[in-house]
Amino acid sequence: HRHLLGIEGLSPLDIQALLDLADEQVEVSRQIEKSKSTLRGRTQINLFFEASTRTQSSFEIAGKRLGADVMNMQVASSSVKKGETLIDTAVTLNAMRPDIIVVRHHAAGAVHLLAQKVDCAVVNAGDGAHEHPTQALLDALTIRRNKGRIEGLTVAICGDILHSRVARSNMILLAAMGARVRLVAPSTLLPPGIARLGFETFTSMEKGLKDADIVMMLRLQRERMNGSFVPSVKEYFRFYGLDQEKLAFAKPDALVMHPGPMNRGVEISSDVADGAQSLIREQVEMGVAVRMAVLEALASHLPNR
Ligand code: CP
C-alpha cells in the first residue's frame with residue numbers, strides 16, 4: 001500500500017503484519033538509543049486541522065525514532081486562516097517534496113481527496129467521523145498484548161458511536177480479526193441501520209456489557225453534534241457512564257479502554273479510568289509503536305527523490 005487512508009481496504013493479513021511489526025517496535029519506541037534509520041533523509045509533515053494531543057505527538061516521536069525530519073505544520077498560524085483551502089495547502093506543501101504527509105481534518109473523506117493531489121505517502125490521522133486507522137491498530141495491539149488474541153473476544157464499544165471515527169475503524173478492524181463487536185449507546189447515538197451490518201446493538205449497559213472481555217468507552221463528540229440531540233451530562237453518566245458498578249456487568253477480567261481525550265465524570269469515572277482494569281495509558285504507549293510500524297511499512301513505497 002502507498003498510503004494508509006483507513007482500515008477499510010486492509011486485509012486481515014495486512015492488519016496482522018502491521019501488528020507484528022508494531023510489536024517489534026515497542027522496544028525501539030521506549031529507548032532513544034535504539035532509534036532506527038529507516039526514514040533518514042526523508043521528510044514527514046504533520047498537518048493537523050483539528051486539535052490533537054496523542055496522535056500528533058506520537059507521529060512526531062515515531063517519525064523521529066525512524067530518523068525522519070519531522071515538521072509540524074502550525075495550521076492555526078498558517079495561511080489556512082486567510083482562506084487557503086485544504087487542497088491548495090496540500091499542493092503547496094507537496095511542492096516542498098515531503099515523503100510523508102500525516103493529515104487530520106474535520107471533513108470525512110478529506111484525506112482520500114488529498115491523497116489524489118500529492119505524490120507522497122498520505123496517512124490518515126482522523127477524518128471527520130469517518131476513520132482513524134492508527135487508533136484502531138494501536139487498540140488492537142493493546143488488546144492482543146493483554147489478551148493474547150483478538151479472535152473470539154467480545155468487545156463492547158460504548159457511547160457516542162454515531163460521531164466516532166475511532167468506533168468506525170475499530171468496528172471494521174475487530175470484525176475482520178474475528179472479534180464479536182457490540183455497540184452500546186442511546187439509540188440517538190447509534191448509526192442508523194448499523195444492526196443490519198451484523199453488529200449487535202444495545203441501549204442498556206447492563207445487557208451490552210454482560211460477558212464482555214473488553215469495554216471500550218468513547219467521548220461525547222459535542223463538536224460534531226451540530227444542532228442534534230445533546231444529552232445532559234448528569235443523565236448521560238447515570239445511564240452510560242462507566243463506573244465500578246456498571247463495569248461489574250462485564251467479565252471479572254474485563255479490561256477497559258478509551259482512546260482519549262477522556263471526559264471524567266461524563267463517559268467514565270476516575271476510579272475506573274485509573275483503576276487496575278484500565279489499559280488507557282498503555283494504549284497511549286502503543287500509539288508510538290503502531291505509528292512507527294505504519295511509517296516503516298510505507299517506507300519501501302516512498303518515491304525516489
Ligand atoms: N485518540 C486520539 O486521537 O487522541 P488525540 O485527539 O489527542 O490525538
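- Between the side chains of Q135 and N170, no donor-acceptor pair of N or O atoms lies under 3.5 Å.
- Other residues, nucleotides and ligands place no more than 12 heavy atoms under 6.0 Å from the CD atom of E245.
- With a 6.0 Å radius and a threshold of 12 heavy atoms from other residues, nucleotides or ligands, R97 has its CZ atom at or below the threshold.
- Cluster membership for I45 and F59, using ILVMFWY side-chain heavy atoms within less than 4.5 angstrom, is not shared.
- Under a 4.0 Å N-O distance rule, the pair E27/K36 does not qualify as a salt bridge.
- Closest of all the heavy-atom pairs between A121 and L302 is CB-CD2, 3.7 Å.
- Considering CZ of R168 and CZ of R165, their distance stands at 12.5 Å, rounded to 0.5 Å.
- Side-chain contact check for L153 versus L174: every heavy-atom pair is 4.5 Å or farther apart.
- Annotation: cation-pi geometry not satisfied between R104 and F48 (NZ/CZ under 6.0 angstrom from ring centroid, within 45° of ring axis).
- Note on V118: it does not cluster hydrophobically with V102, by side-chain heavy-atom contacts below 4.5 Å among ILVMFWY residues.
- Side-chain contact check for R149 versus M177: every heavy-atom pair is 4.5 Å or farther apart.
- Atom-to-atom distance recorded for M286:CE and L138:CG is 9.0 Å, nearest 0.5 angstrom.
- Note on K147 versus D253: salt bridge recorded, some NZ/NE/NH1/NH2 to OD/OE distance being below 4.0 Å.
- In this structure, K210 does not pair ionically with E206, as no charged nitrogen and carboxylate oxygen lie closer than 4.0 Å.
- L173 has its side chain out of reach of P133: every pair of non-hydrogen atoms, C-beta onward, lies at least 4.5 Å apart.
- For the residue pair E131 / S169, a side-chain donor-acceptor distance below 3.5 Å is found, with atom types taken as modelled.
- By the criterion of side-chain heavy atoms lying less than 4.5 angstrom apart, applied directly or through intervening Ile, Leu, Val, Met, Phe, Trp or Tyr residues, L218 is not grouped with V272; the two fall into different hydrophobic clusters.
- Between Y240 and P186 there is a side-chain heavy-atom pair separated by less than 4.5 Å.
- In this structure, the side chain of S37 does not engage the main chain of R40 through any donor-acceptor pair within 3.5 Å.
- When T134, N124, L295 are each tested for a side-chain contact (heavy atoms from CB on, under 4.5 Å) with L4, only one passes: T134.
- Ring centers of H130 and H112: under 6.0 Å apart, within the cut-off.
- Paired with R145 under the rule salt bridge (charged side-chain N to carboxylate O under 4.0 Å, His left out), one option of D23, D139, D20 passes, and it is D23.
- For the pair L162/P192, a side-chain contact is recorded, criterion being any heavy-atom separation below 4.5 Å from C-beta on.
- Taking every heavy atom of both residues into account, A254 and A250 meet most closely at CB-CB, 3.7 Å.
- V184 and I143 fall into different hydrophobic clusters, where Ile, Leu, Val, Met, Phe, Trp and Tyr are joined by side-chain heavy atoms under 4.5 Å apart, directly or via other members.
- Other residues, nucleotides and ligands contribute over 12 non-hydrogen atoms within 6.0 Å of the CD atom of Q244.
- Looking at K34, its side chain never comes within 3.5 Å of a backbone N or O of S29 through a donor-acceptor pair.
- Residues D127 and V103 form no side-chain contact, since every pair of their non-hydrogen atoms from C-beta on lies 4.5 Å or further apart.
- Scanning all heavy atoms of the two residues, the minimum distance from C120 to P98 falls at CB-O, 3.3 Å.
- Between S58 and R291, the closest heavy-atom pair is OG-NH1, 2.7 Å.
- The backbone N or O of S52 lies less than 3.5 Å from no partner atom in the side chain of T55, so there is not a single donor-acceptor pair.
- The pair K251-D213 meets the salt-bridge criterion, since a charged nitrogen lies less than 4.0 angstrom from a carboxylate oxygen.
- A cation-pi arrangement is not found for K234 relative to F239, the charged atom failing to lie both closer than 6.0 Å to the ring centre and inside a 45° cone about the ring normal.
- Salt bridge absent: R222 and E267 never bring a charged side-chain N and a carboxylate O closer than 4.0 Å.
- A donor-acceptor pair under 3.5 Å is absent between the side-chain atoms of D88 and the main chain of E84, judged by distance alone.
- Taken to the nearest 0.5 Å, the CG atom of L39 stands 5.0 Å off from the CG atom of L66.
- Here the side chain of H132 pairs no donor or acceptor atom with the backbone of V166 at under 3.5 angstrom.
- Under a hydrophobic clustering in which Ile, Leu, Val, Met, Phe, Trp and Tyr are joined whenever their side-chain heavy atoms come within less than 4.5 Å, directly or via other members, I61 and V70 fall into different clusters.
- Ion pairing between R264 and D274 holds under the 4.0 Å rule for side-chain N and carboxylate O.
- With values rounded to the nearest 0.5 angstrom, L279 atom CG is found 9.5 Å from M216 atom CE.
- A donor atom on one side chain and an acceptor atom on the other are found under 3.5 Å apart for E60 and N72.
- The residue from L18, T38, V28 that alone fulfils the side-chain contact (heavy atoms from CB on, under 4.5 Å) condition with E296 is T38.
- A 4.5 Å side-chain heavy-atom check between H1 and D14 finds at least one atom pair inside the cut-off.
- Closest heavy-atom contact between A185 and G159: CB-O, 3.0 Å.
- Remark: R219 CZ to H258 NE2 distance equals 8.0 Å, nearest 0.5 Å.
- Smallest separation of non-hydrogen atoms from M171 and V181: CG-CG1, 4.1 Å.
- Judged purely by atom type and a 3.5 angstrom limit, N263 has no side-chain atom pairing as donor or acceptor with the backbone of V266.
- Of the residues V80, T89, N46, the one that meets the side-chain contact (heavy atoms from CB on, under 4.5 Å) test with V75 is V80.
- Judged by distance alone, the side chain of S57 and the main-chain N or O of T53 form a donor-acceptor pair under 3.5 Å.
- Rounded to the nearest 0.5 angstrom, R42 CZ and D99 CG are separated by 4.5 Å.
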